[in-house]
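For reference, the structure is listed below as structure tokens.
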Amino acid sequence: IKKYIMTNRPFRIVWLQQVWPKWQIVIPKEAREILELETWTELSVILKDNKHIWIVKNTNLSNFLNCMMNIKWHAEMFKIVWVVQVWPKWQIWIPKEARDSLSLFPWTDIATILISKDGMNVMWLIRNNDLQDFFNHVKQLTKDMENLTNNNL
């Protein structure tokens with residue numbers, strides 16, 4: 001796993017890794033600590049635009065969904081695919097619908113990005129060749145979240 005530390009918030013760290021033959025990825029140690037994961041923790045796998053997979057701890061799911069529903073251009077563009085558990089070797093399994101929509105195959109290069117903003121921690125999986133689109137997307141998302149926060153004050 002290659003690791004890159006991002007200087008711009010809300011990005012914390014980007015890990016570049018590969019999908020294993022049994023459709024698993026390893027959750028990096030720093031992500032496990034920030035997300036406060038333990039073995040058998042349940043995570044929701046959310047499919048976004050057939051290009052992104054969001055992974056959210058189930059106990060944070062309602063806060064995450066409320067946030068996304070308040071950003072109008074996100075409200076109809078995602079769906080929950082599956083609930084997975086963190087296995088004892090810190091792996092998670094990527095559900096078939098999610099891996100099919102991203103055209104993932106064993107040994108596909110993916111980026112695992114940890115986003116943390118206002119107590120909202122999300123792991124974002126994306127194919128390495130879609131990273132530029134991802135950063136443009138999250139730049140807009142960050143602006144929308146800031147506007148939402150400012151409007152609620």
Side-chain angles (χ1 to χ4, degrees), residues 1-61 63-65 67-68 71 73-145:
I1 298 175
K2 294 181 182 177
K3 177 175 83 168
Y4 298 91
I5 297 178
M6 304 297 292
T7 56
N8 297 334
R9 299 275 185 211
F11 303 109
R12 298 289 293 261
I13 301 169
V14 176
W15 294 272
L16 301 179
Q17 57 185 324
Q18 293 180 324
V19 177
W20 293 5
K22 292 185 180 180
W23 307 112
Q24 301 164 326
I25 62 163
V26 173
I27 300 174
K29 184 178 183 204
E30 289 175 83
R32 297 190 309 252
E33 291 172 352
I34 291 168
L35 295 169
E36 299 177 350
L37 297 181
E38 298 177 6
T39 54
W40 307 119
T41 299
E42 290 189 341
L43 304 172
S44 290
V45 178
I46 302 165
L47 184 59
K48 169 102 173 73
D49 296 336
N50 292 331
K51 284 189 171 186
H52 312 278
I53 299 173
W54 291 333
I55 300 174
V56 181
K57 196 172 171 180
N58 276 10
T59 55
N60 297 332
L61 182 61
N63 290 340
F64 176 76
L65 293 176
C67 180
M68 291 299 104
I71 299 172
W73 61 276
H74 276 282
E76 296 179 12
M77 297 170 24
F78 63 89
K79 65 178 179 173
I80 296 175
V81 176
W82 209 262
V83 174
V84 298
Q85 291 182 318
V86 179
W87 295 345
K89 292 187 179 181
W90 303 110
Q91 301 160 328
I92 60 168
W93 168 74
I94 301 172
K96 183 175 181 2
E97 185 175 356
R99 63 184 189 246
D100 286 351
S101 69
L102 271 72
S103 299
L104 296 180
F105 300 97
W107 309 118
T108 302
D109 293 325
I110 60 169
T112 304
I113 301 156
L114 182 63
I115 299 175
S116 182
K117 181 158 177 64
D118 301 328
M120 181 89 54
N121 297 318
V122 179
M123 268 187 6
W124 204 314
L125 303 182
I126 188 165
R127 293 171 59 106
N128 286 2
N129 57 0
D130 291 328
L131 276 175
Q132 186 58 50
D133 288 340
F134 165 79
F135 286 116
N136 293 336
H137 175 84
V138 173
K139 184 177 180 181
Q140 184 62 48
L141 176 61
T142 302
K143 283 182 186 177
D144 290 346
M145 289 178 76

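Sequential numbering from 1 along the given sequence is applied to the chain's residues.
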Evaluate whether atom CH2 of Trp82 has more than 12 neighbouring non-hydrogen atoms of other residues, nucleotides or ligands under 6.0 angstrom away.
no
Leu43 and Asn58: which non-hydrogen atoms are nearest, and at how many Å?
C-OD1, 3.3 Å
Trace of the side chain to side chain contact (heavy atoms under 4.5 Å, CB included) decision for Leu114 with Leu35:
CA-CA 9 Å; Leu114 182 63; Leu35 295 169; 3.9 Å; yes
When rounded to the nearest 0.5 angstrom, what is the spacing between CZ in Phe64 and CG in Asn121?
11.5 Å
Roughly how far, to the nearest 0.5 Å, is the CG atom of Leu61 from the CD1 atom of Ile80?
4.5 Å
Quick one: OG1 on Thr108 to CD on Gln18, what's the gap to the nearest 0.5 Å?
8.0 Å
Test side chain to side chain contact (heavy atoms under 4.5 Å, CB included) applied to Asn128 - qualifying residues, sequence neighbours left out
Leu16, Asp109, Ala111
Would you say the side-chain atoms of Arg32 pair up with the backbone N or O of Ile27, donor to acceptor, closer than 3.5 Å?
yes
Heavy-atom count check: over 12 atoms from other residues, nucleotides or ligands less than 6.0 Å from Gln85 CD?
yes
Using a 6.0 Å cut-off, check whether atom CD of Glu38 has over 12 heavy atoms from anything other than its own residue.
no
With a cut-off of 3.5 Å and sequence neighbours excluded, list every side-chain donor-acceptor pair involving residues 87-96.
from  : atom 1 : to     : atom 2 : distance (Å)
Lys96 : NZ     : Asp100 : OD2    : 2.6

Closest approach of Glu42 and Val83, non-hydrogen atoms and distance?
CB-CG1, 4.0 Å
How long is the span from the CD1 atom in Ile110 to the CG atom in Asp130, to the nearest 0.5 Å?
12.0 Å
Interatomic distance, Ile53 atom CD1 to Met123 atom CE [nearest 0.5 angstrom]
10.0 Å
Roughly how far apart are Ile25 CD1 and Gln17 CD, rounded to 0.5 Å?
5.0 Å
Set out, in order, the CA-CA distance, both residues' side-chain angles and the distance that settles side chain to side chain contact (heavy atoms under 4.5 Å, CB included) for Val19 and Arg99, then state yes or no.
CA-CA 10 Å; Val19 177; Arg99 63 184 189 246; over 6 Å; no
If you take all heavy atoms of Val45 and Ala98, which pair is closest and at what distance?
CG1-CB, 4.4 Å
Shortest non-hydrogen contact between Lys57 and Leu37, atoms and distance:
CD-CD2, 4.2 Å
Work out which heavy atom in Arg127 is nearest to a heavy atom in Ser103; give both atom names and the distance.
NH1-O, 2.5 Å
